[in-house]
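A, B, ... follow the sequence lines: proteins, then strands. Residue 1 opens every chain. Being a predicted model, the structure only gives us computed values, none of them experimental.
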Amino acid sequence: MDELVAQRIAKLEELRRLGIDPYPPRWERTHTSREVIAIVEALPPEASEAEGVEVRVAGRVMARRDMGKATFIDILDGAGRLQVLLRANATEGYDLLRLVDLGDFVGFTGVPIRTRTGQPTVAASSWTMLAKALHAPPEKYHGLADPDLRQRRRYLDLMANEETRRVFEIRSKTVAAIRRFLDDRGFMEVETPILQVTEGGAAARPFVTHFNALDEPRVLRISLELFLKRLLVGGFERVYEIGRNFRNEGMSFKHNPEFTMLESYQAYADYNDVAAMTEEMISTVARQVLGTTTITFRGQEIDLAPPWRRMTFFEALKAHGGPDLDVFTDADSLRAELRRRGLPVTDQMGYGKLADEAMSHYVEPNLIQPTFLLDYPVELSPLAKRKPGNPRLVERFECFIAGFECGNAYTELNDPLDQRQRFEQQLALKAAGDDEVELVDEDFLFALEHGMPPTGGFGMGIDRLVMLLTGQSSIREVILFPPVRSIED
RNA sequence: GGGCCCGUAGCUCAGCGGUAGAGCAGUGGACUUUUAAUCCAUUGGUCGAGAGUUCGAAUCUCUCCGGGCCUACCA
């Protein structure tokens, strides 16, 4: 066995021999580190001690400065770090401190004091082992740097790196702020199936599993859309879901196979209403979580305050040197033009995919400040309603911040006959070799045939929003436990 | 998938053909206001795995394993 582990187990056994449980079931804490610091900071300047105040604090031992008859221990609790002073003539069990290692959870009873350097500290009258750690924590100064270990053993990353803790606190506050925003506007949070018969609502390859009780195959959902729309058919007027989607595809700095999506649907709204809600929601969330609407991402300062820039898909393509889609109106001519421009296009790509390819090449990287791209080609958007007066386009926007997409919305297609046609067009694309198309979902069509009110829908990748708000340039840094290859022992 | 890079002590890293090093952590000792405490002493390694080249490989070559960054596709 590892020598360091053996040493710690020996200490643990010595505690037991002394009648001390190294893993006691309960120990009452009265104050967090932050509360103790507040007590000390509230003391009059000449006072060095909160006389008569007894606090019980607890946390993980992060550092230890042993000076013979006095020892300083830094603990980390959920609120932050706190220094504890133990003295041979003032702390019960001082000689047993040799059984305390870095990483242990320890409780201290004592008085808040100010040291002569002014640092808030608990002068301990006693200490108690709360949980013995068998492994040393990461290096105290450099922390945990190995990117593999940081993700594989996130708990070590969290205990060693304050920035990591900050990122996930912001993530939690972001989701809470989104819920608050939607709840305040009369939206109802719902949950829909993750295990589905047919994947739908997006174009992506699914994870496949088997449902034993029904003895049927199932796929993990790739979007939330089609079930939420069934709820609009049912009569709920404002619904949203925040949930995990699964796409069995590649990983990149902005893609993870399981990712968290927000989708909301609002009856009697169109995509313009949704755009207004989007810019208000994201700026509100930023203000609540960060206290500002200004963020820095990859060295670029970005202002999330509304109103955001709006331009049409066609305009944006022209403005950034891409092809004019009013000139190249069919798949063959557009494909030839993109090929002439040296873009990687294939014969399998339909008009929508080609237009999207051009957009992501010419436009997307340039959309640093928040921008709505409006009015997408119909071929790219089988679930969106056509734009009145222009059957080539649908009422859809995607919003871009810092050069990547972070939201997508439609005026939802509620014409069941048109919806069936669109599904059939997707089938034709599949026949032509595109394996990432929207599949026909008869059950959804049947629901739509019962009537869905005019509806504005919205989808947003939560992980990407958190990347923006925390300044993290990789999605894996905002996911607590990103997928890692398993290691064979 | 393509390109570049990394894997050495529990952690952070040096060493880059001549028998394995530092700091932190650990162990023993000194020290009653330190805070990357300090000072003295000291334990700890199949140098990711395997094969090859060589008198000799952590170091060079190849294969594999794990990881990172960039790049391409879906949010």
Side-chain angles (χ1 to χ4, degrees), chain A residues 2-8 10-11 48 61-74 81-91 94 98 101-103 113-119 121 123 133-153 156 159-160 201-206 222-225 245-263 343-344 346 349 353 356-357 360-361 398-400 404-408 434-437 459-465 467 473-476 484-488:
Chain A
D2 186 284
E3 187 191 339
L4 298 176
V5 173
Q7 285 169 356
R8 283 169 178 248
K11 290 177 184 173
S48 63
V61 175
M62 297 299 287
R64 176 177 171 152
R65 294 173 293 283
D66 200 321
M67 306 170 58
K69 292 195 169 61
T71 296
F72 288 93
I73 286 178
D74 293 343
R81 277 175 89 114
L82 180 66
Q83 179 172 270
V84 180
L85 168 62
L86 303 99
R87 283 166 295 179
N89 62 358
T91 307
Y94 186 85
R98 65 192 151 80
D101 288 301
L102 299 187
I113 63 164
R114 216 186 327 247
T115 63
R116 69 175 171 213
T117 58
Q119 179 163 357
T121 298
L134 299 186
H135 297 283
E139 207 260 356
K140 66 178 173 185
Y141 185 60
H142 299 92
L144 188 68
D146 184 318
D148 184 35
L149 278 185
R150 285 188 50 237
Q151 295 173 5
R152 208 176 277 276
R153 303 194 183 148
L156 294 177
M159 74 174 76
R205 282 193 297 278
I222 61 172
S223 95
L224 314 175
E225 180 154 356
N245 284 343
F246 305 85
R247 299 189 182 175
N248 209 341
E249 297 183 336
M251 292 154 68
S252 80
F253 77 94
K254 59 179 174 179
H255 295 97
N256 195 63
E258 53 177 301
F259 65 101
T260 302
M261 186 87 159
L262 161 70
E263 287 195 26
L343 267 63
T346 67
M349 293 165 87
K353 280 265 160 75
D356 191 43
E357 175 65 33
S360 37
H361 182 264
E398 291 190 309
C399 59
F400 295 85
F404 60 80
E405 183 197 339
C406 68
N408 181 22
D434 187 343
D435 58 351
E436 285 184 353
V437 299
M460 176 175 71
I462 298 286
D463 313 86
R464 289 187 180 177
L465 176 63
M467 286 170 68
S473 54
S474 164
I475 196 170
R476 297 171 69 81
V484 289
R485 206 176 290 275
S486 21
I487 295 176
E488 295 174 22

Whole-Å gap separating [atom2] ([N]) and [atom1] ([X]):
X        : N     : atom1 : atom2 : value
A:Arg152 : B:G7  : CZ    : P     : 17 Å
A:Ile222 : B:C73 : CD1   : P     : 19 Å
A:Arg114 : B:U34 : CZ    : C1'   : 17 Å
A:Glu249 : B:G1  : CD    : P     : 15 Å
A:Arg64  : B:C31 : CZ    : P     : 15 Å
A:Glu357 : B:C73 : CD    : P     : 5 Å
A:Gln7   : B:G26 : CD    : C1'   : 5 Å
A:Leu134 : B:G26 : CG    : P     : 15 Å

Checking contacts here: which listed nucleotide ([options]) is nearest the side-chain heavy atoms of [X]?
X        : options             : value
A:Ser474 : B:U33, B:C69, B:A75 : B:C69
A:Ala136 : B:U27, B:A75, B:A25 : B:A25
A:Arg485 : B:U35, B:G66, B:A25 : B:G66
A:Thr117 : B:U35, B:G44, B:G67 : B:U35

Just checking [X]: base, sugar-phosphate only, or nothing, at a heavy-atom cut-off of under 4.0 Å?
X        : result
A:Gln151 : sugar-phosphate
A:Met67  : base
A:Met467 : nothing
A:Asp66  : base
A:Gly461 : nothing
A:Lys353 : nothing
A:Asp356 : sugar-phosphate
A:Arg98  : nothing
A:Ser252 : base

Taking pairing as Watson-Crick or G-U wobble with both contacts under 3.5 Å, can you name the mate of [N], or confirm there isn't one?
N     : value
B:C69 : B:G3
B:A75 : none
B:C11 : B:G23
B:C60 : B:G52
B:U38 : B:A30
B:G45 : none

Any side-chain N or O of A:Lys11 below 4.0 angstrom from OP1/OP2 of B:U27?
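Looking at the OP1 and OP2 atoms of B:U27, one of them is under 4.0 Å from a side-chain N or O of A:Lys11.
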Please determine whether a side-chain nitrogen or oxygen atom of A:Arg65 lies at a distance below 4.0 Å from atom OP1 or OP2 of B:U34.
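Indeed not, no polar side-chain atom of A:Arg65 lies that close.
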Return the stacking result for B:A37 and A:Phe72: yes when the ring centres lie under 5.5 Å apart and the planes under 30°, no otherwise.
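Stacking between A:Phe72 and B:A37: absent.
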Between A:Lys69 and A:Thr260, name the one whose nearest nucleotide on RNA chain B is closer to the 5' end.
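Nearest nucleotide further toward 5': that of A:Lys69.
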Assuming nearest nucleotide by heavy-atom distance, tell me which of A:Ile475 and A:Pro147 is located more 5' along RNA chain B.
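Here A:Pro147 is the residue nearer the 5' end.
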Ignoring hydrogens, what is the shortest heavy-atom contact between [X] and [Y]? Give both atom names and the distance.
X        : Y        : result
A:Arg150 : A:Ala145 : CD-O, 3.9 Å
A:Met251 : A:Pro257 : CG-CD, 3.3 Å
A:Met460 : A:Cys406 : CG-O, 2.9 Å

Could you walk me through whether A:Asp101 and A:Arg64 satisfy the salt bridge (Lys or Arg N to Asp or Glu O under 4.0 Å) test, starting with their C-alpha distance in whole Å, then the side-chain angles of each, then the deciding distance to 0.1 Å, before giving a yes or no?
CA-CA 9 Å; A:Asp101 288 301; A:Arg64 176 177 171 152; over 6 Å; no
Could you go over nucleotides 11-13 of chain B and give all protein N or O partners under 3.5 Å, atom names and distances?
from	atom 1	to	atom 2	distance (Å)
B:C11	O2'	A:Glu139	N	3.0
B:C11	O2'	A:Gly143	O	3.1
B:U12	OP1	A:Ala145	N	3.0
B:U12	OP1	A:Asp146	N	2.9

Whole-Å [atom1] distance, [N] and [M]:
N     : M     : atom1 : result
B:G10 : B:C73 : P     : 42 Å
B:A25 : B:C13 : C1'   : 14 Å
B:U12 : B:G7  : C1'   : 14 Å
B:C47 : B:U19 : P     : 16 Å
B:A49 : B:U54 : P     : 23 Å
B:G23 : B:U43 : P     : 13 Å
B:A58 : B:G48 : P     : 10 Å
B:G68 : B:U33 : C1'   : 44 Å

Indicate, yes or no, whether a donor-acceptor pair under 3.5 Å links the base of [N] to the side chain of [X].
X        : N     : value
A:Gln83  : B:U34 : yes
A:Arg116 : B:U33 : no
A:Thr71  : B:U34 : no

Would a distance-only check, ignoring hydrogens and angles, find a side-chain to backbone donor-acceptor pair under 3.5 Å from A:Arg205 to A:Glu249?
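Checking the backbone N and O of A:Glu249 against the side chain of A:Arg205, no donor-acceptor pair under 3.5 Å is found.
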Who pairs with A:Phe259 by ring pair (Phe, Tyr, Trp, His ring centres under 6.0 Å), at least two apart in sequence or on another chain?
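Scan of A:Phe259 (ring pair (Phe, Tyr, Trp, His ring centres under 6.0 Å), adjacent residues dropped) gives none.
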Is there a side-chain contact between A:Leu85 and A:Ile113 (heavy atoms, below 4.5 Å)?
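With C-beta onward as the side chain, the pair touches.
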Results of side chain to side chain donor-acceptor pair (under 3.5 Å) for [X] - residues two or more places apart only:
X        : value
A:Asn256 : none
A:His135 : none
A:Gln119 : none
A:Asn248 : none

